[in-house]
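Scope of the values below: all heavy atoms of this structure, side chains included, with no hydrogens, waters or symmetry mates.
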Amino acid sequence: ARTGIKVHSEDLSEKITIPVEDTEREEYPLTLDQFKKIYDKTTIHRRKVKYLFMRDTGVRTQESIQITKSMITFDYDEKTGIARVKIPKKIVKGKTKARLNFLTKETALMVKELVLDLDDNTPIFVAPEIAHKTMHQIKSIESKALLRERDRLVKDGFSDFGLRHETGQHKIVLHSIRAFTATA
């Protein structure tokens, strides 16, 4: 900037490495029992199916609200009932390549039932009444829904849902479903 020389962003990224802060905090995975409690506490069917979808595939919240019918092959393996989910690189975090995941027979049946009346490019796990909102707003709505369910479980006497990190943030958040998938 001092010399007035223009530097292209690609040149800059090749020459300069920005250090990544190494955080000591690990993601907190749910146990199967905790997942079942959250699932049972959830009253909205679409959200329950989304939690099962997230459990099977390990998708992030941002990715889950962009999943459409066209990304799922329900008759992938007719013998076992397993469905294939191809998540395009445009919605995968990092955007390096598309990701392939699979749904259990039970989850595939529930998702198939959910998409019967949807066209191929309508997000499956976004309620029609909030479909006009931005992705950030929808993600916030979904995160707050899990927080309400988590808080109700704490009130019901399940104190492990109230655990917090040293920073004061709750350990069980929507991303904990993804962490559960990685450890299960």
Are any side-chain N or O atoms of Ser143 and backbone N or O atoms of Ser140, one a donor and one an acceptor, separated by less than 3.5 Å?
-> no
Is the backbone N or O of Val92 less than 3.5 Å from a side-chain atom of Arg99, with the two atoms forming a donor-acceptor pair by type?
-> no
Determine whether Arg84 and Asp77 make a side-chain contact, defined as any pair of heavy atoms from C-beta on separated by less than 4.5 Å.
-> no
Specify the closest pair of heavy atoms between Tyr76 and Ile82, including all atoms of both residues, with the distance to one decimal.
-> CB-O, 3.7 Å
Flag if over 12 foreign heavy atoms under 6.0 Å of NZ, Lys48 | yes
Examine Ile91 and Leu118 and state if one hydrophobic cluster contains both, with Ile, Leu, Val, Met, Phe, Trp and Tyr joined whenever side-chain heavy atoms are less than 4.5 Å apart.
-> yes
Roughly how far, to the nearest 0.5 Å, is the NE2 atom of His170 from the CZ atom of Arg164?
-> 3.5 Å
Non-hydrogen atoms of Ser64 and Val59 that approach each other most closely | CB-CG2, 3.8 Å
In a check of side-chain hydrogen bond (donor to acceptor under 3.5 Å, both in side chains) between Thr42 and each of Lys37, Glu149, Arg47, which one passes?
-> Glu149
For side chain to side chain contact (heavy atoms under 4.5 Å, CB included), just list the numbers for Val126 and Glu142, CA-CA rounded to whole Å, side-chain angles, deciding distance to a tenth of an Å, and then say yes or no.
-> CA-CA 9 Å; Val126 177; Glu142 291 300 314; over 6 Å; no
Could you give all pairs that pass the side-chain hydrogen bond (donor to acceptor under 3.5 Å, both in side chains) test and reach residues 152-162, with sequence neighbours left out?
-> Gln34-Asp160, Lys41-Asp156
Non-hydrogen atoms of Thr183 and Pro29 that approach each other most closely | OG1-CB, 3.7 Å
With no hydrogens and no angle check, is any side-chain donor or acceptor of Arg46 less than 3.5 Å from a backbone partner on Ile124?
-> yes
What about Leu174 and Ile141, same hydrophobic cluster or not, with Ile/Leu/Val/Met/Phe/Trp/Tyr joined at side-chain heavy-atom distances under 4.5 Å?
-> no
Is Ile138 reachable from Leu146 through a run of hydrophobic residues whose side-chain heavy atoms are each under 4.5 Å from the next?
-> no
CG of Leu100 to OG1 of Thr57: how many Å apart, nearest 0.5 Å?
-> 11.5 Å
Can you give the donor-acceptor pairs under 3.5 Å from side chains of residues 105-117 to other protein atoms, not counting sequence neighbours?
| unit_1 | atom_1 | unit_2 | atom_2 | d |
| --- | --- | --- | --- | --- |
| Thr107 | OG1 | Arg55 | NH2 | 3.4 |
| Thr107 | OG1 | Asp56 | OD2 | 2.8 |
| Thr107 | OG1 | Thr104 | OG1 | 3.0 |

Under a 4.5 Å side-chain heavy-atom rule over Ile, Leu, Val, Met, Phe, Trp and Tyr, are Leu32 and Tyr39 clustered together?
-> yes
For Phe35, ring-ring contact (aromatic ring centres under 6.0 Å, His included) partners two or more places apart | Phe180
Output the distance between atom CG (Leu163) and atom CZ (Arg150), rounded to the nearest 0.5 Å.
-> 10.5 Å
Okay, side chain of Ser176, backbone of Leu30: is any donor-acceptor separation there less than 3.5 Å?
-> no
To the nearest 0.5 Å, what is the distance between CG (Asn101) and CD1 (Ile87)?
-> 4.5 Å
Just grab all the ring-ring contact (aromatic ring centres under 6.0 Å, His included) pairs involving residues 120-159, residues at least two apart or on different chains.
-> Phe53-Phe125
Would you kindly confirm whether Val49 and Ile38 end up in one hydrophobic cluster when ILVMFWY residues are joined by side chain heavy atoms under 4.5 Å apart?
-> yes
Give a yes or no on whether Glu129 atom CD has more than 12 heavy-atom contacts from other residues, nucleotides or ligands under 6.0 Å away.
-> yes
Which residue pairs satisfy the salt bridge (Lys or Arg N to Asp or Glu O under 4.0 Å) criterion with at least one member in residues 169-184, sequence neighbours excluded?
-> none
Say you draw a straight line from CE of Met135 to CD of Glu63; how long is it, rounded to the nearest 0.5 Å?
-> 12.0 Å
With sequence neighbours excluded, give me every side-chain hydrogen bond (donor to acceptor under 3.5 Å, both in side chains) pair touching residues 65-74.
-> Thr68-Ser70
